[in-house]
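Before any comments, here is the structure.
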Amino acid sequence: MRFTRAIVRPPGATFAHGLSREPLGTPNLELALLQHQRYCDALLECGLALTRMPASDELADAPFVEDTALIARGRAITTRPGAPSRLGEVADVHDALVARGFEPDAIREPGTLDAGDVCEAGDIVFVGVSERTDEDGARQLATWLRAIGLAPRVVDVRGERSILHLKSGVSWLGDGRLLVIPELAGHAAFADFETVVVDASEAYAANAVRVNDRVLLAAGHPLAEAKLRDLGYLPLVLDMSEFAKLDGGLSCLSLRF
Ligand code: CIR
């Protein structure tokens, strides 16, 4: 599938106060803005047109726009993020989707779902149950996906303490392939896919994004980069240091469709 557009949202003044599980230090806003700009440039290079939502100075985690909505088969659904501090992001993304002509459905209370737990792999869509997405949220999304002709597969990753979201540990590369962390390599849900396993020392690289002819890959992961090149992919390497400090990966900075 080819993407033509993406929605992005740059960091606002309070970005450094975003949620973080990892003691990787406080993000630097100037550098985060620069890295975000380079990320946007990379999407443009992949042929996408961008909708840039205005930065929010109240919603620190708003740049991780992927978590708040999902677009598939021309339909959109807004989520109900599992972190209470992120619930306020949904109204803004709803409005951005409406402005682009969508009539979004919604994940309803009491279910919670972060779309960072949703990994589309062709007609199959993996839906993670995680510390953010609960079983009700996953069930609601599965029903929505079936209604638009996709085949959801729920993957419980609550035991994988190293990852925040399913997609922190698995990415679809296209061509029947998934890029995965070692802990998820043998998971039954992925049995009919070829798994490309990142080295344990490069786990963050498993959150890559196939965008048309390129694969966005986080900088500093030479083993993963070499592996992708050997398979014929063209990695587009991006520095993500400031977003990684808030547990954010490449996929979460855009909503692609
Ligand atoms: C959070 O904890 O919600 C944000 N600081 C990071 C969200 C990252 N989202 C993603 O990887 N899909």
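Note that ligands are numbered from 1 as they come in the structure, with each ligand's atoms numbered from 1 the same way. By convention here, the first residue in the shown sequence is residue 1.
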inquiry  = Pairing donors with acceptors under 3.5 angstrom, does anything connect the side chains of S168 and N207?
reply    =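 No, no side-chain donor-acceptor pair sits under 3.5 Å.
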
inquiry  = Show me the pairs that pass ring-ring contact (aromatic ring centres under 6.0 Å, His included) and involve residues 51-90, at least two apart or across chains.
reply    = none

ask   = Quick check, are the ring centers of F15 and F243 under 6.0 angstrom apart?
value = yes

task = Taking the six-membered ring for Trp and the full ring for Phe, Tyr or His, determine whether the centres of F126 and F190 are under 6.0 Å apart.
result = yes

query = Considering only heavy atoms from C-beta outward, does the side chain of L255 approach that of V93 to under 4.5 Å?
reply = yes

request  = May I ask you to decide whether E66 forms a salt bridge with R256, counting only side-chain N to carboxylate O separations under 4.0 Å?
outcome  = yes

task = Check each protein residue for a heavy atom under 4.0 Å from ligand 1 and list those that pass, ordered by chain and number.
result =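 These residues qualify: L19, D61, F64, E66, D67, R86, G116, R132, L164, H165, L246, D247, G248, G249, C252.
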
